[in-house]
Amino acid sequence: PVRGNAGVQYVHVNQEARGKAVNGGVITDLHDGASYDDVLPTLNLNFDLGNYVNDTYLRFGAAKTVARPRMSDMRAGVSAGIDPTTRMWSGSGGNPHLEPWRANSYDLSLEHYLGKGAYVSAAYFFKALKSYIYNQQREFDYAGFPTSSAVVPLQSVGTINQPANGQGGFVRGIELTASLQLGALWHRLDGFGVQASASGTDSSIHPNGPGTKEKLPGLSGVVANLTAFYEKNGFSARISERYRSAFRGEVTGLFAQRAFSEILAEKQVDVQVGYEFQDGPYKNLSFLVQANNLNNQPYQTKQGSPFASGAYAPERYTTY
């Protein structure tokens, strides 16, 4: 009653970056990098619970996973200077020593099949993050860095604001899914069906570091979809509603830099109708008409970072 698979992947990474050190009008070449290894085991198991409940399965998965840093975060370029008051170095730049996001991922789902094309399922997922990336203020040795300043630094070690690996945290959530063929309930509804899913997700990770309030980019607390459809004798029609709660989005900002926007919740309705010829000279020829955002739901954002007072300003209001 149990089947599955297990595997392991070994990953060796050797990375290097070339850039510039900039201070006043003086520019110097930089070159740095890092090397690291990851062993990534995976396990997937499927338990057939037919001895207890017919057509019911319990699935479990576990894996060590990695996600690469942004290329721009691994840049070698640094801009730095000497504070005339403290006589200490400070600067900002990339981090060629940056390692990936790492997580131990676990998935558990219970699925019950009601017949052809019909099932219900409930799933739980948990990612224990072992490392994540956010900008940190760190010590940095500026020995050999160019300077056009007349101020003599007290020492070569100063501070730098750069992407670095943090530790700890999680992403977790549940997902409920159902797909029903209504013809199984009443023969007059043959061809009609409903599909629905809803998920709730939360995380302890704050991308600006511990003690901050910003959420992980792209993380919506609630996402839900509902679709009603008809498919029979070549005719097809479906109407779908999608809801997504507010989330922190990553957008392109000034000088193509990464910026953030708070994207507000939206509920959008789409519809499509089609027909496919079943026989004759036009067999397999199909027509499809689609209409998106029937309810004229606007796309709305507000600025990603608040004013000093803590207030957020409206940023974008788009209708389509």
Side-chain angles (χ1 to χ4, degrees), residues 9-40 64-83 86-105 127-149 153-169 171 203 205-212 214 216-218 248 250-260 304-305:
Q9 183 179 24
Y10 169 71
V11 181
H12 171 72
V13 174
N14 186 30
Q15 64 193 34
E16 63 175 290
R18 298 180 182 274
K20 305 288 184 181
V22 182
N23 183 283
V26 182
I27 300 176
T28 301
D29 291 330
L30 293 177
H31 177 215
D32 207 348
S35 178
Y36 55 86
D37 303 274
D38 283 290
V39 178
L40 308 175
K64 283 189 174 182
T65 58
V66 296
R68 300 287 162 218
R70 294 175 176 274
M71 293 293 289
S72 58
D73 284 347
M74 295 188 288
R75 69 192 184 277
V78 171
S79 178
I82 304 168
D83 188 297
T86 63
R87 294 172 57 195
M88 296 292 291
W89 279 98
S90 65
S92 63
N95 185 358
H97 294 273
L98 201 59
E99 297 193 9
W101 293 67
R102 293 187 175 96
N104 294 338
S105 301
K127 295 182 182 296
L129 272 78
K130 300 304 179 183
S131 72
Y132 65 102
I133 298 168
Y134 65 97
N135 279 6
Q136 302 179 29
Q137 198 78 9
R138 314 172 74 205
E139 283 192 351
F140 190 81
D141 190 349
Y142 290 92
F145 264 61
T147 176
S148 59
S149 174
L154 293 175
Q155 59 184 32
S156 64
V157 176
T159 59
I160 188 171
N161 186 277
Q162 65 178 178
N165 293 99
Q167 294 183 347
V171 177
S203 173
I205 300 297
H206 298 286
N208 291 341
T212 59
E214 290 79 7
L216 274 177
R248 180 175 168 86
E250 289 182 301
V251 298
T252 301
L254 193 63
F255 303 120
Q257 295 295 309
R258 180 174 54 150
F260 297 98
S305 300

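Values below: all heavy atoms of this structure, side chains included; hydrogens, waters and symmetry mates excluded.
A 4.5 Å side-chain heavy-atom check between Arg102 and Lys64 finds every atom pair outside the cut-off. At least one side-chain heavy atom of His12 sits less than 4.5 Å from a side-chain heavy atom of Ser35. Between Phe145 and Val78, the closest side-chain pair of non-hydrogen atoms falls below 4.5 Å. By the 4.5 Å heavy-atom criterion applied to side chains, Lys20 and Asp29 are counted as neighbours. Between Leu98 and Ile133, some side-chain heavy-atom pair lies under the 4.5 Å cut-off. When side chains are defined from C-beta on, His97 does not count as touching Gln15, because their heavy atoms never get closer than 4.5 Å.
A distance of 15.0 Å separates CH2 in Trp101 from NZ in Lys130, rounded to the nearest 0.5 Å. Put simply, CZ on Arg70 and CD on Glu250 are 4.0 Å apart, with the number rounded to the nearest 0.5 Å. Note that CG of Asn161 and CZ of Arg138 are 10.5 Å apart. Values are rounded to the nearest 0.5 Å. Note that CD of Glu99 is 9.5 Å distant from CG of Asp37, once rounded to the nearest 0.5 Å. Here CG of Asp83 is found 12.0 Å from CH2 of Trp89. Values are rounded to the nearest 0.5 Å.
Here the closest heavy-atom approach between residue Ala164 and residue Asn95 is recorded as CA-ND2, 4.1 Å. Smallest separation of non-hydrogen atoms from Gly168 and Tyr132: O-CE2, 3.2 Å. The two residues Glu139 and Ile160 have their closest heavy-atom pair at O-CG2, 4.4 Å. Shown here for Ala76 and Pro96, the closest heavy-atom pair between the two residues is CA-CG, 3.8 Å. When all heavy atoms of Gly169 and Ile205 are compared, the pair lying nearest together is CA-CD1, 3.4 Å. Closest of all the heavy-atom pairs between Pro100 and Arg68 is CG-NH1, 3.8 Å.
Side-chain atoms of Asp141 come within 3.5 Å of backbone atoms of Ala143 as a donor-acceptor pair (strictly under, hydrogens ignored). Looking at Asn104, its side chain never comes within 3.5 Å of a backbone N or O of Ala128 through a donor-acceptor pair.
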TODO: Before giving the answer on side-chain contact (heavy atoms from CB on, under 4.5 Å), spell out for Tyr142 and Ile82 the whole-Å C-alpha distance, their side-chain angles and the decisive distance to 0.1 Å.
DONE: CA-CA 10 Å; Tyr142 290 92; Ile82 304 168; over 6 Å; no
